[in-house]
A.B. asks: 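One structure follows; several queries about it will come next.
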Amino acid sequence: MSDLIPVNEPDLTGNERKYLNECIDTGWISSEGPFIREFETRFAARVARRHGIAVCNGSAALDAAVAALDIGPGDEVILPTFTIISCAAAVSRLGATPVVIDCDAATWNMDVDAIESRITSKTKAIMPVHIFGLPVDMDPLLEIARRHNLRVIEDAAEMIGQTYRDKPCGSFGDISTFSFYPNKHVTTGEGGMIVTDDDALAERCRGLRNLAMKAPRRFVHDEIGWNFRMTSMQAAIGLAQLERLDEFVPRKRHIFERYTKFLSDIPSLQLPVPCTEYAKNINWVYGVVIADDAPFDAEEAMKRLAAKKIGTRPFFWPMHEQPVYRRAGLFDGERYPNAERIARRGFYLPSGLTLKDEQIDRVSAAMHELFA
Ligand SMILES: Cc1ncc(COP(=O)(O)O)c(C=O)c1O
């Protein structure tokens, strides 16, 4: 049998090695040094923001972003139930309450129409999270936020290089965040970025990522921060990756189109939406959802594909079904059928930047066998 097709593999064939060697040659390996500043500046410019604050991962970016908005006990933040726990954890860790809403059955993004009915006097912010390849419908969401005087924390972790109505994702929140985990369009191994146009928020985030160290006297603190710093070596890789983003985006779209071409005749498979009126799918990952009448669920399909040496990942598990939140009495009796369904029937196929046409074809053939 041919080799394993991994679910993801980054492309590190640009200037990554050269820039890393510069870190070693110059001794700049900590969070100081020119690569950090350059990566922050270039990344922020790419998403049309004034400030970029590099951090150690996308989850930390969310933690710092929520903290910078002074969200805490007694506050509520509205976010999708279908997302990674980093989003809800950034809220609950600070003693605030995540209020969740269902996702759309086709785009898997948060149902913007459901937001307004969940706003209370305690609501402080909305956290849109762009899922898998398509952005949240931001115009109506921003309008609701404006009307109710709510802050917007935009999680654009999966959307590097994506736009909403031709404006970059990551340019919509009071504060927006990204992840550079290796399955993202730009990777730094582990890493993240906070972006904003607000000088005060940017300054606060810079402090929070660095133990809230403050001039004039180092090691004297008037709040508790974290060590969320990114290293120069990560920034060096990120810079080399960013140089190639305009090459990576079409490559990911090609993967999307080739899968869609080969899989669209499998009736029991729901494929990702290619485009909406506001964006073309950027294929962070190629997700599929198995119809209810198929004789197996996502877990079984992933097992069968693993036997054919094909790597896959399950979809997110909804926040309202997380044991840790259930035990704490959160989301009692709440049901969100779209998220519950896709969590059980959805998974994603190999989607990494190095995926070759022959591999897409082999995965597609294996899917046809599975659903024959
Ligand atoms: C939507 C979303 N938000 C946040 C994160 C967390 O990023 P990280 O893994 O860098 O902590 C991820 C990770 O994949 C994500 O998909």
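Note that this is a predicted model, so its numbers are computed, not measured. Atoms within each ligand, like the ligands themselves, are counted from 1 in listed order. Keep in mind that the numbers below use all heavy atoms, side chains included, and drop hydrogens, waters and symmetry copies.
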A.B. asks: Between the candidates H130, E158, M127, which shows the shortest non-hydrogen contact distance to atom 16 (O) of ligand 1?
C.D. replies: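 Heavy atom nearest to atom 16 (O) of ligand 1 belongs to E158.
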
A.B. asks: Which pairs count as side chain to side chain donor-acceptor pair (under 3.5 Å) when at least one residue sits in residues 91-101, sequence neighbours excluded?
C.D. replies: D63-R93, S92-Y325

A.B. asks: Looking only at protein heavy atoms, which one is nearest to atom 3 (N) of ligand 1, and how far off is it?
C.D. replies: D155 OD2, 2.6 Å

A.B. asks: I need the atoms of ligand 1 closer than 4.0 Å to a non-hydrogen atom of V129, numbered in the order shown.
C.D. replies: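 Going through ligand 1 atom by atom, the ones under 4.0 Å from V129 are 1 (C).
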
A.B. asks: Take every heavy atom of S86, measure it against each atom of ligand 1, and state whether any distance is under 4.0 Å.
C.D. replies: yes

A.B. asks: Would you call K124-D70 a salt bridge at under 4.0 Å N-O?
C.D. replies: no

A.B. asks: With sequence neighbours excluded, give me every salt bridge (Lys or Arg N to Asp or Glu O under 4.0 Å) pair touching residues 262-286.
C.D. replies: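 Found R165-E277, E257-K280.
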
A.B. asks: For atom 9 (O) of ligand 1, find the nearest protein heavy atom and state the residue, atom name and distance (0.1 Å precision).
C.D. replies: S179 OG, 4.0 Å

A.B. asks: Around atom 11 (O) of ligand 1, find the nearest protein heavy atom and jot down its residue, atom name and distance.
C.D. replies: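 It is S59 OG, 2.6 Å.
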
A.B. asks: Would you call E340 and R344 a salt bridge, using N to O less than 4.0 angstrom?
C.D. replies: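 Answer for the salt bridge query: no.
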
A.B. asks: Under 4.0 angstrom from ligand 1, any heavy atom of K184?
C.D. replies: yes

A.B. asks: Determine, for E40 against R209, whether the closest basic-nitrogen to carboxylate-oxygen distance falls under 4.0 angstrom.
C.D. replies: yes

A.B. asks: May I ask you to decide whether D198 forms a salt bridge with R204, counting only side-chain N to carboxylate O separations under 4.0 Å?
C.D. replies: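 No, no charged N to carboxylate O under 4.0 Å.
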
A.B. asks: Would you call R147 and E143 a salt bridge, using N to O less than 4.0 angstrom?
C.D. replies: yes

A.B. asks: Who's closest to atom 12 (C) of ligand 1 heavy-atom-wise, of I131, I84, I85, V285?
C.D. replies: I84

A.B. asks: Counting heavy atoms only, which part of A157 comes closer than 4.0 Å to ligand 1: side chain, backbone, both or neither?
C.D. replies: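 Side chain only.
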
A.B. asks: Of all the atoms in ligand 1, which lie at a distance below 4.0 Å from a heavy atom belonging to N57?
C.D. replies: 10 (O), 11 (O)

